[in-house]
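The sequence lines fix the lettering, A, B, ..., with proteins before strands; numbering per chain opens at 1.
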Amino acid sequence: MKNSKTLTYLDSVHYYGRIWGFVILGLILLFPIALMIIFNVGPNWSALLTGCIAVVPMYWAVGIIEIFTYIPMLGAGGAYLSFVTGNISNLKLPCALDAIEKTGYKASSEEGEIISTISIAVSSIVTTLIIIIGVILIVPLSPILQSDVLSVAFAQLLPALFGGLAIVFIAKNVKLSIAPIILMLVLFIAVPALNASKVGIMVPVGVLFTIAVARILYKKGKI
Amino acid sequence: MFNPNSYVLYIIVGVIIATVLGQSFFFLFRAVKRAKQINIDKDKIKKTIISSAIFTIAPAVSILVGIITLSVSLGVPLPWLRLSVIGSLSYETVAAGAAQSALGLSMGKLVDDPSAFVTIAWVMTLGIIMGLVLTPILTKKVQSGLVKLEAKDKKWSALLNDAMFLGMISAFLGYVFCDVTNLFRSDEWLIANGFTSRTSCLIPVCVMAVASITMALCGLLSKKLKVRWITDYALPFSLICGMASAIPFTMWLG
């Protein structure tokens, strides 16, 4: 049984997480409204409609899928922070996974929840600070960061990140990793429509498939 | 004349970003306090903070590159806000592009019409809003389910977590190989689809291999020499090695 203290901490995470979440949601919506008031203009309604039709169906669907895919992995505190600061699959989640893994705690334990929250909070703070410094120094930094050499390196951020992360998690669970890796390799290689921009959609597919495989192996007592 | 780099915009964006920073600090302090209550080793907390900060540097700089790219047409404050709060470069580029083409504007030119700027800001905001709306509503429900599961079947709960992580990782591994069929395509097909060379599809594969090998070596080395700190920095180190290897690989295969 969980003791009451555990419940109190998690409950408070949800309580404050909701408050912060709604406040920031309000601020984000206030930004374009403030622009309209300050510059005393309205949007170009027909362009707004066309733009939204192009963006909203796809990204709202992705948003809903992401919520259900990432909230269980991020933990409570991690979820409230990550869905505000973004860059979940390419930064926040790998950062938290690596941190939990190194402490040796289980991600599903309260210790795992706390380490995940600390890791994601620190990552959000550092990201925000680096961007602030970058915005201040944008004039001298632009030519360096946009140089051919560095853009080539940044273009390969995801393969480099997941190459390192994959080794750790595959080594930990060899039996469980074989089937999903084969499935994803076959899908991405054989289906031409699956390219770099579709990886976000394939994450939930991979997650559900791996859970199914895990359940079967677990029921058969092989894992 | 309207200027998307006006100081008023910097002030508004600054206030929102300060609030977001406030949220992170709030949760950080509370988590550290709770960690002390349940006797999590101080050293583990310290290492988590340091290694998370170091790991974040390279991805954060890549986000900064995104802001610089978008600032050409949108000025600095709007991309700064959008990429600090939820957005990702791929989304913001698509959203801003959709709005700009609806307005009949070209991507490379600084927006100088306030109405167009407001329209772009609305499209970028509304497209990404779903996560911000649903997180406060759904997080507790999803998490409570997991907490119950943890209480009922500890072993399956831990396995479920590993399965989710592996599922995500396998999707990204698949993506690394998504263009390898280029090796067998005709020259005409490659040119028509915008690829610079037949072998460029192998660059992400090689980069991934370098990062994986670096990570594995760090693990072995720390075990053999019994030095723990190597594993603390293994992920950022393998990330940087992988990204750096992209430079020679691109010269060779690109």
Side-chain angles (χ1 to χ4, degrees), chain A residues 9 14 18 20-21 25 27 32 35 39 41 43-44 47-48 50-51 54-55 59-60 63 67 71 76 79 83 86 91 98-99 103 106-108 114 117-119 121-127 130 134 152-154 156 159-160 162-164 167 180-181 184 188 199 202-203 206-207 210-211 214, chain B residues 16 23-24 27-28 31 34-35 44 48 52-53 56 59-60 62 64-65 86 95 98-99 102-103 114-115 118-119 121-123 127 130-132 134-136 139-140 142-143 150 157-158 161 163 167-172 174-176 178 204 207-208 211-212 215 235 238-239 242-243 246 250:
Chain A
Y9 173 72
H14 289 300
R18 282 180 174 175
W20 279 101
L25 172 66
L27 281 176
L35 293 182
F39 298 108
V41 286
N44 176 332
L48 177 59
T50 317
V55 175
Y59 284 96
W60 282 22
I67 287 276
I71 286 181
F83 278 96
L91 173 53
D98 186 51
T103 58
K106 287 201 161 56
S108 50
I114 287 169
T117 304
I118 293 176
S119 167
V122 169
S123 181
S124 298
I125 293 166
V126 171
T127 308
I130 286 180
V152 159
F154 282 120
Q156 302 301 330
F162 279 92
I167 282 294
I181 289 176
M184 284 298 155
F188 271 96
V199 63
M202 293 311 284
V203 169
V207 169
T210 316
I211 292 175
Chain B
I16 301 176
Q23 184 201 23
S24 297
F27 277 89
L28 177 62
R34 179 68 187 158
K44 280 185 175 167
T48 299
S52 299
T56 301
S62 88
L64 183 59
V65 175
I86 9 175
L103 289 158
S115 173
V118 166
T119 310
W122 269 119
V123 172
M130 208 29 130
L132 267 182
L134 290 181
T135 307
T139 303
K140 192 172 182 182
V142 177
Q143 286 292 330
E150 162 82 10
S157 166
N161 264 297
M168 173 179 79
I169 290 168
S170 65
F172 279 93
Y175 138 80
V176 167
C178 71
V207 167
M208 188 194 71
S212 299
M215 191 75 183
L235 191 64
S238 64
L239 172 66
M243 284 170 68
T250 307

Side chains of B:Tyr175 and A:Pro159, heavy atoms from C-beta outward: is any pair under 4.5 Å?
yes
With the side chain counted from C-beta on, respond yes when B:Lys140 and A:Arg18 share a heavy-atom pair under 4.5 Å apart, and no when they do not.
yes
Minimal non-hydrogen separation, A:Gly163 against B:Ser212, with atom names
O-OG, 2.8 Å
CE of B:Met215 to CD1 of A:Ile167, rounded to nearest 0.5 Å, is 9.0 Å
Using a cut-off of under 4.5 Å on heavy-atom pairs, state which of B:Ala121, B:Ala98, B:Gly127, B:Ala95 scores highest against chain A.
B:Gly127
Please find the pair of heavy atoms, one from B:Ser24 and one from A:Ile125, that lie closest to each other, and give the distance.
CB-CG1, 3.5 Å
Carefully, step by step, assess B:Thr48 and A:Thr103 under the rule side-chain contact (heavy atoms from CB on, under 4.5 Å).
CA-CA 8 Å; B:Thr48 299; A:Thr103 58; 3.9 Å; yes
With chain A, the option among B:Ala99, B:Ala246, B:Cys178, B:Gly131 that has the most non-hydrogen atom pairs under 4.5 Å is B:Cys178
Counting heavy-atom pairs under 4.5 Å with chain A, which one of B:Ser115, B:Ser62, B:Pro114, B:Ala102 comes out on top?
B:Ser115
Note: B:Ala171 and A:Val199 closest approach over all heavy atoms is O-CG2, 3.8 Å
Note: B:Leu235 and A:Gly164 closest approach over all heavy atoms is CD1-C, 3.9 Å
At their closest point, which heavy atom of B:Trp122 faces which heavy atom of A:Leu48, and how far apart are they?
CB-CD1, 3.5 Å
Give, as side chain, backbone, both or neither, the part of A:Ile181 having an atom under 4.5 angstrom from any heavy atom of chain B.
both
What part of A:Ala76 lies closer than 4.5 angstrom to a heavy atom of chain B: side chain, backbone, both or neither?
both
From B:Arg34 atom CZ to A:Tyr9 atom OH, the distance as rounded to the nearest 0.5 Å
8.0 Å
Straight-line distance of B:Leu64 CG to A:Phe154 CZ, nearest 0.5 Å:
8.5 Å
Could you tell me which portion of A:Val55 (side chain, backbone, both or neither) has an atom closer than 4.5 angstrom to a non-hydrogen atom of chain B?
side chain
Any idea how B:Phe172 and A:Phe162 line up, ring-wise: parallel (<30°), tilted (30 to 60°), or perpendicular (>60°)?
parallel
Residue, of A:Ser124, A:Gly134, A:Ser123, that accumulates the most heavy atom pairs under 4.5 Å with chain B
A:Ser123
Choice from A:Val126, A:Leu27, A:Ile114, A:Thr50 maximising heavy atom contacts with chain B below 4.5 Å:
A:Ile114
Do you know which of B:Ser238, B:Gly242, B:Ala60, B:Gly174 has the most heavy-atom pairs under 4.5 Å to chain A?
B:Gly174
Examine whether an atom of A:Phe83 lies under 4.5 Å from a heavy atom of chain B, and if so say whether it belongs to the side chain, the backbone or both; otherwise answer neither.
both
Pick whichever of A:Pro180, A:Gly206, A:Ala160 has the most heavy-atom pairs under 4.5 Å with chain B.
A:Ala160
Looking at B:Ala53, B:Pro59, B:Ala35, B:Ala158, which has the largest count of heavy-atom pairs under 4.5 Å with chain A?
B:Pro59
Look at the side chain of B:Thr119 and the backbone N and O of A:Asn44, then say whether any donor-acceptor pair between them is shorter than 3.5 Å.
yes
Considering all heavy atoms of both residues, which atom of B:Thr139 and which atom of A:Ala79 are nearest to each other, and what is their separation?
CG2-CB, 3.9 Å
Residue from A:Ala121, A:Ala153, A:Ala54 scoring the most non-hydrogen pairs under 4.5 Å with chain B is A:Ala153
Looking only at A:Ser119, A:Ala99, A:Gly21, A:Pro32, most heavy-atom pairs under 4.5 Å shared with chain B are made by A:Pro32
